[in-house]
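Right, one structure below, let's go through it.
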Amino acid sequence: MAITHNLGYPRIGRNRELKTALERYWRGERDREALEETGRSLRQAHWKQQERLDWQPVGDLSFYDQMLDMSFLLGNLPPRFAADGFGLDNYFRVARGGTTADGTSIEAAEMTKWFDTNYHYIVPEFHRDSRFSLHTEALLTQIEEARSDGMQPKPVIVGPLSYLWLGKAKDGVDRLTLLDALVPIYEELFARFDAADIAWIQVDEPALVMDLPPEWQAAFERVYTRLANAPVKRLLATYFGPLRDNLHLACRLPVDGLHLDAVRAREEVARIIDWLPAGKVVSLGVVDGRNIWKSDLTALLDWLEPFHERLKDDLWLAPSCSLLHVPMDLEAETGLDAEIRSWLAFARQKLEELEILSTALNEGRADVADALRKNALAMESQRWSLRVHKEAVKTRAAAVTGDLESRGQPYRERAALQASAFNLPLFPTTTIGSFPQTAEIRRTRRAYRSGQLDDGGYRLAMQTEIEHCIHEQEALDLDVLVHGEPERNDMVEYFAEQLEGFAFTRNGWVQSYGSRCVKPPILYGDVHRAEPMTVEWIRYAQSLTNKPVKGMLTGPVTLLNWSFVRVDQPRSESCLQLALAVRDEVLDLEREGVSIIQIDEAALREGLPLRRSDWDGYLRWAVRAFRVAANGVDDRTQIHTHMCYSEFNDIIEAIAAMDADVVTIETSRSAMELLDVFEAFEYPNAIGPGIYDIHSPLVPTVERMTELLCQAAARIPAERLWVNPDCGLKTRDWNEVKPALANMVEAARRLRSLQREAA
Ligand code: GLN
Ligand code: ZN
């Protein structure tokens, strides 16, 4: 009998009930009991949807984040919060920041991306004197709940090595030295599971798909040997990639079962089954937990049947990873095109696929003949659909040659041409694109979408916003202006909606962090641009001022990385098609006389593969896509790009290879850490390190920004230094933005006069 189980389920709820409940609780509109009740009823509903599996995950429905749950389970709070104990309110304070009794604010724990997903976890903090203690009450209650709901609970926890690996040493402590304190806590935890009559637990060790130093590999062996006599059976779960050099290690560990991501590590499965000692459970994550396409069930069965022959009861089937990373239920998507919809599977549908697979293996394919036939039809329809395949797009992409990628002359010559064309001052000031998205703007967009406002009314309202934005920027005396992006609710969705080849869900929410969710577009087919997407707005903005207005676009790599992408062709191929679509827009803008164009690549870095040795391959096609999008312009046209992160050092050469004339980049939160890069590598083009932290409501002073600029000017030649905020201003209020930008402009003036004095 093949066994079915699940690694984790989406938490946020069919209609984002958890989001609503959390935010109400945080605003003080609902009490703790009401929040707990929402948690309880969501768990119940979600288990119900998983009831046909042999094992249901328990402990995956976190109120904020599963790593933060682990920190509380293991009694590891940042010292600044430790005095306030392990209650729910302190839990939220660690996640979101808080205040002490006397009102001074305490910084929230750091948050960072969970592997290569768009989910963010709360980073555990470690210190030389970190101590651990066990707090199992919440988890044990949930186990009881699951049982009383008729489930077969399999608690899900993060293993000790991944917990340490994903955390941050605050005082330089070698995290591995903490294992001696940590492992006994896990031993005690396992004993409590045993006392609660638990048979199997899932111990997540996704660190095994990363490049691990030898001492970490050795620690895996040591720790799991120590835990070998635990009274509960341990399923060690790895996901998000192949094991490669950790493969032998993973097979050797004395655990009772091993879960593999059979989507991303498919080529390792046969070998692992060969090597694993008999009697160990092999859990194959055959259904893709990272994407929204149906599985090809017949092909999977062809592949699985021989394994099942051999392993029998020891073969388990699951999604590749937690289903946290896909939307919950396709049933809700009544607005999708029926054909496209027939190709999709969200969390619930993925579990149905597991059930079909296990029935076919256990009872024979005949028992699910109908389901298999339907699945095969969907596969066929997707394979040949004219919605997917556009010959003209493929032909054009295939014909892309190197000359499409390069500007006419090298940067220095272009810069000279541009300098005389724009006549900008030294240290030119600009912003990243968006200005405050007021309630009024959002109301207008909503009214337009729902049909309450017609085209004319909408255009007029947006023009009024643009006019306001241009006037404010002129009053502030910024040098390069923007239109302010009032018409965009999201930098990816806005473009995806205007491109052929994308589909959209109504309710396809995926958790990004805490109560925040995103609704990624679905890139299902060959992509092309039917008509101009931004020209009208930029043209209008430019008509209002004599200063240059920047055209504002989202780049191909970011459009790709923030969408669910088709898997029938390499990502690089889809990216190139996106690049050509953006290129068309760039050239249209240029034809309209827009001579500064920014192409945002906010998400370039997060597409980096998990293994270092795969970076080059990715960066090569990503950079090429950007170049194809950007570099068709005349040498007098100035290309900007923007990036939202400061870990810039390890990809600086790739960023230089993009050859944008100007790159604006987030830095101020990390106090110009970025500038260290320039010690080792001279970035050849112009750069604007952000000096105004837009994530904070604080208005930075002229002095502070001048200081940051002076630091930058010490490393970057004056004629290549720009002055700008970290990122777009859309989440801020005008009453924060105006004084902050006024100070920024003043800081640039000060720098200019310092420069004159020095000369
Ligand atoms: N141009 C976009 C804006 O200003 C860039 C957003 C981003 O980098 N995340 O909003
Ligand atoms: Zn940004």
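All heavy atoms count here, side chains included; hydrogens, waters and symmetry mates do not. Start at 1 and go down the list; that is how both ligands and their atoms are numbered.
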Write out each pair where an N or O from ligand 1 and one from the protein are under 3.5 Å apart, with the distance.
from	atom 1	to	atom 2	distance (Å)
ligand 1	1 (N)	I432	O	3.1
ligand 1	1 (N)	E485	OE2	2.8
ligand 1	1 (N)	D600	OD2	2.7
ligand 1	4 (O)	I432	O	3.4
ligand 1	4 (O)	S434	N	2.8
ligand 1	4 (O)	S434	OG	3.1
ligand 1	8 (O)	H642	NE2	3.0
ligand 1	10 (O)	S434	OG	2.7

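Of the candidates V510, V565, I522, I522 is the only one forming a side chain to side chain contact (heavy atoms under 4.5 Å, CB included) with I292. The salt bridge (charged side-chain N to carboxylate O under 4.0 Å, His left out) with E405 is formed by just one residue from the set R620, R624, R583; it is R624.
Atom NE2 is the N/O/S atom of H642 found closest to the Zn ion (ligand 2).
The pair E497-R449 meets the salt-bridge criterion, since a charged nitrogen lies less than 4.0 angstrom from a carboxylate oxygen. Here E493 does not pair with R488 in a salt bridge; the nearest charged N to carboxylate O distance is not below 4.0 Å. The pair R414-D661 counts as a salt bridge, with a side-chain nitrogen and a carboxylate oxygen less than 4.0 angstrom apart.
Residues passing the ring-ring contact (aromatic ring centres under 6.0 Å, His included) test with F502, sequence neighbours excluded: none.
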